[in-house]
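Please read all numbers here as calculations on a predicted model, not as lab measurements. Along the sequence shown, residues are numbered consecutively beginning with 1.
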Amino acid sequence: MSGLVLADENWLTINVTGVPKKIEKNIFAHLGTLPDNDVQRRAFLFTVDDNTHDALESMGYYHAILDIDVKENDKGPWELSLNITPGEPVIIQWVDINFQGDMLQDNTFSLWLNSLKIKPGDTLNHGVYDSIKSQLITLALARGYFDGQYTKSEININRDLNTAQINLQFNSGKRYLFGDVHFEGSTLNDDIVESLIPFDADAPYATQLLTEFNRNLLDTGYFSNIKVLPQLNKIDTGVVPIKVELSPRPSHLIEVGLGADIGNSTENSVDPRVRVTWRTPQINRYGHYQETSAEWSPERPKILTTYTIPLTHPLDDQLKIKLGLLRDTYGVTQDYDADKRQFNNTGQLESKKYLVGLTRQRRSKSNWLHGYSIESVREFYNQLDTDYDPRFYLLGFNLTKTVRGDNTLDPKSGYRQTYSVEYADPSLGSTIRLARLQARFKWVETIFDKHRFVARVDLGANIADKNDMANIPPSLRYFAGGDQSIRGYSYQELGPYIDYTNSEGGLSRQVVGGRYLAIGSVEYQYYLTPTWRVATFVDAGNAFDTQQFEPVVSVGGGLHWISPIGPIRMDLGFGLKETETVARSYRFHLTMGTDL
């Protein structure tokens, strides 16, 4: 094996032979900066022998034979040749790591010991030895052992036997404790910010708990700037005081989101969407906040306001009040043309919904988010030329757990699972008896840095009397299609249909949605750069009734930009099947948002 390095302006070329690339790289690192004039070149050559042997010994080769040859050319660079016979490496005979002090009662250090890869029989590597020493010091500081030090750290080498013995003895001393937490810059009541502290007074110090504290403060959304500072210079009698510097967010925040679908399906060929979100991060000193979102798209304007009141904990126990006015369109309505013997699109099923809701949402220690809710829903729609306006009082319970491999807007791994049950009963004021069951799963995994996989499954069921189906409003039924469902089809255009005689005596057909939903998707994404990736996907499933199940499949691909405000996706999907109500379709979907 050989390597060639050329100095700047051709003062010196170096050729190394006889060693693997890993050792060669270490030799060049020890040789240092290459010369760029004659004086530096001679100084460089003077130290070649010592530096090369140091490089070899640092990787366990103490008996290497080094043949150095320098060719001094009158013109052009001098040529340095290093021909190395590394010999047998030094083998680690045993490793002895001993602890003293309070760390003996800290299981974290036992776990660290078990994670070490170094073992008897390995080739001695001084870099690995230095790394172990550094890891232990860092871990001790992170766990509050500020007086910790090595009482012995040595490598005993027997050159005759080619063996090495590693001895490390570390005395942690006592473990320091958390002291008082002092807040600056907060306009919230003390009990709100203090409830975010994840440790008790006089608890053993750990930087992991400070990181969790910082994350709790960030997740509230109350603050624009957060600093959690252990005041090590003010340690007194083994206690570390904590200073927290906070800057409130602006009183009002406005966000604008854009999206669009373009294609040839039952929906308009261009379906733009504009979403404006207004947030008031902190309304009063009790931590109340509100979020109002208004979304506009042709025939589907929506406005929803959520007012949140922290109860026993600003993150883990909240009361949410929702008010909404939502218009939406579903499926497709068609009239039969007897002359052409085909159905022609004439519109969609339209609804207008008024919503008032109350939810208590709590988070468990295992990170499950569970909520109890009651919603009042009044919806107006015309189905099969008949007007409906059912009223529902829905009692609900939901469970959600989200695990992210990282806290970025484009997580490399993680999953989300959501389960919900809703129930309405005539004895409680609802028009009909209805039970709604839903389950959603999403999984993200990245392998070898560039290959990312995303999978999702959406399931749903409505349990109600067959004669009551028309009184289940469209917003509570199941439809399929759209960028979060089956790409290649328009938003909510797929589902079971009914043929009926219209008010003019002709034959019409209307997609009215189904009792059930089953959709699955698998997507493969490849990172071209850290901020750009390409994707290919398969989506399949549909909304359906017991007697009418017509599964559809779409395939496609896309280009994604990982922007500073989150991933922006440009996906093109193609429907592979022509259904009774939708011809073979394609749609271009422009969306923004994280997968988890």
Side-chain angles (χ1 to χ4, degrees), residues 111-112 114-115 117 208 211-212 214-215 218-219 257 259 315 363-370 398-420 438-460 480-489 517-542 551-574 576 587-596:
L111 296 174
W112 174 79
N114 293 333
S115 70
K117 303 300 183 183
Q208 180 183 359
T211 300
E212 183 180 344
N214 189 90
R215 186 170 61 248
L218 181 65
D219 289 346
L315 289 175
R363 187 184 306 275
S364 68
K365 291 183 179 179
S366 57
N367 207 35
W368 280 98
L369 197 65
H370 56 274
N398 65 79
L399 275 173
T400 300
K401 186 171 186 177
T402 301
V403 175
R404 293 183 176 89
D406 54 72
N407 290 321
T408 66
L409 294 175
D410 186 50
K412 299 297 183 183
S413 63
Y415 65 88
R416 173 182 293 150
Q417 49 185 322
T418 302
Y419 310 91
S420 67
Q438 295 184 86
R440 295 182 178 180
F441 309 90
K442 199 162 194 178
W443 171 80
V444 177
E445 188 60 60
T446 303
I447 59 175
F448 305 120
D449 295 330
K450 292 187 176 182
H451 306 274
R452 188 172 189 256
F453 296 87
V454 180
R456 58 180 167 86
V457 175
D458 294 341
L459 304 172
D483 53 57
Q484 301 300 313
S485 178
I486 302 178
R487 287 162 285 189
Y489 295 90
L517 179 73
I519 293 174
S521 173
V522 177
E523 181 167 335
Y524 166 70
Q525 302 167 353
Y526 178 77
Y527 285 87
L528 300 172
T529 71
T531 57
W532 286 93
R533 68 182 178 223
V534 292
T536 182
F537 58 82
V538 178
D539 300 336
N542 208 341
V552 297
V553 178
S554 72
V555 298
L559 180 65
H560 303 172
W561 173 40
I562 317 304
S563 76
I565 58 174
I568 297 176
R569 301 174 179 82
M570 296 159 280
D571 292 326
L572 180 60
F574 297 89
L576 299 184
R587 298 294 294 187
F588 172 79
H589 305 278
L590 176 62
T591 57
M592 184 179 75
T594 182
D595 284 310
L596 292 176

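Pairing each heavy atom of Ile486 with each of Gly541, the nearest pair is CD1-O, 3.2 Å. The two residues Tyr527 and Asp449 make their nearest non-hydrogen contact at CD1-O, 3.9 Å. In terms of heavy atoms, Asp406 sits closest to Pro411 at OD1-CA, 3.2 Å. Heavy atoms only, all atoms of each residue included: Trp443 and Glu445 are closest at CZ2-CB, 3.3 Å. When all heavy atoms of His560 and Ala535 are compared, the closest pair comes out as CE1-CB, 3.7 Å.
When atom types are taken as modelled, the side chain of Arg569 and the backbone of Gly593 share a donor-acceptor pair closer than 3.5 angstrom. Judged by distance alone, the side chain of Asp595 and the main-chain N or O of Asp410 form no donor-acceptor pair under 3.5 Å. Counting only distance, with no hydrogens or angles, the side chain of Asp571 and the backbone of Gly556 share no donor-acceptor pair below 3.5 Å. Under a 3.5 Å cut-off, the side chain of Thr536 and the backbone N or O of Tyr524 do not form any donor-acceptor pair.
Judged by distance alone, the side chains of Gln417 and Tyr415 never bring a donor and an acceptor atom under 3.5 Å apart.
Considering CG of Leu559 and CZ of Arg533, their distance stands at 10.0 Å, rounded to 0.5 Å. Between atom CG of residue Asn398 and atom CG of residue Leu369 there is a gap of 7.0 Å, rounded to the nearest 0.5 Å. Put simply, CH2 on Trp532 and CD1 on Ile562 are 9.0 Å apart, with the number rounded to the nearest 0.5 Å. Going from atom CG of Asn542 over to atom OG of Ser485 covers 8.0 Å, rounded to the nearest 0.5 Å. Distance CD1/Ile565 to CE/Met592: 4.5 Å, rounded to 0.5 Å. Going from atom CG of Leu596 over to atom CG of Leu409 covers 11.5 Å, rounded to the nearest 0.5 Å.
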Between Val454 and Phe537, does the side chain to side chain contact (heavy atoms under 4.5 Å, CB included) criterion hold? Intermediate values first, please. CA-CA 9 Å; Val454 180; Phe537 58 82; over 6 Å; no
Check against side chain to side chain contact (heavy atoms under 4.5 Å, CB included), Gln525 and Phe453: CA-CA 6 Å; Gln525 302 167 353; Phe453 296 87; over 6 Å; no
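Between Phe441 and Tyr419, the ring planes lie perpendicular to each other; the angle is over 60°, past the 30° to 60° tilted range.
At a threshold of 4.5 Å between non-hydrogen side-chain atoms, the residues Gln438 and Leu517 do not count as touching. For the pair Asp539/Ser521, a side-chain contact is recorded, criterion being any heavy-atom separation below 4.5 Å from C-beta on.
The neighbour count for Arg363 CZ, taken as heavy atoms of other residues, nucleotides or ligands under 6.0 Å away, is above 12. By the 6.0 Å contact criterion, NZ on Lys412 is enclosed, its count of non-hydrogen atoms from other residues, nucleotides or ligands being greater than 12.
Shown are Arg452, Arg487, Lys442, Arg456; of these, the salt bridge (Lys or Arg N to Asp or Glu O under 4.0 Å) with Glu523 is made only by Arg487.
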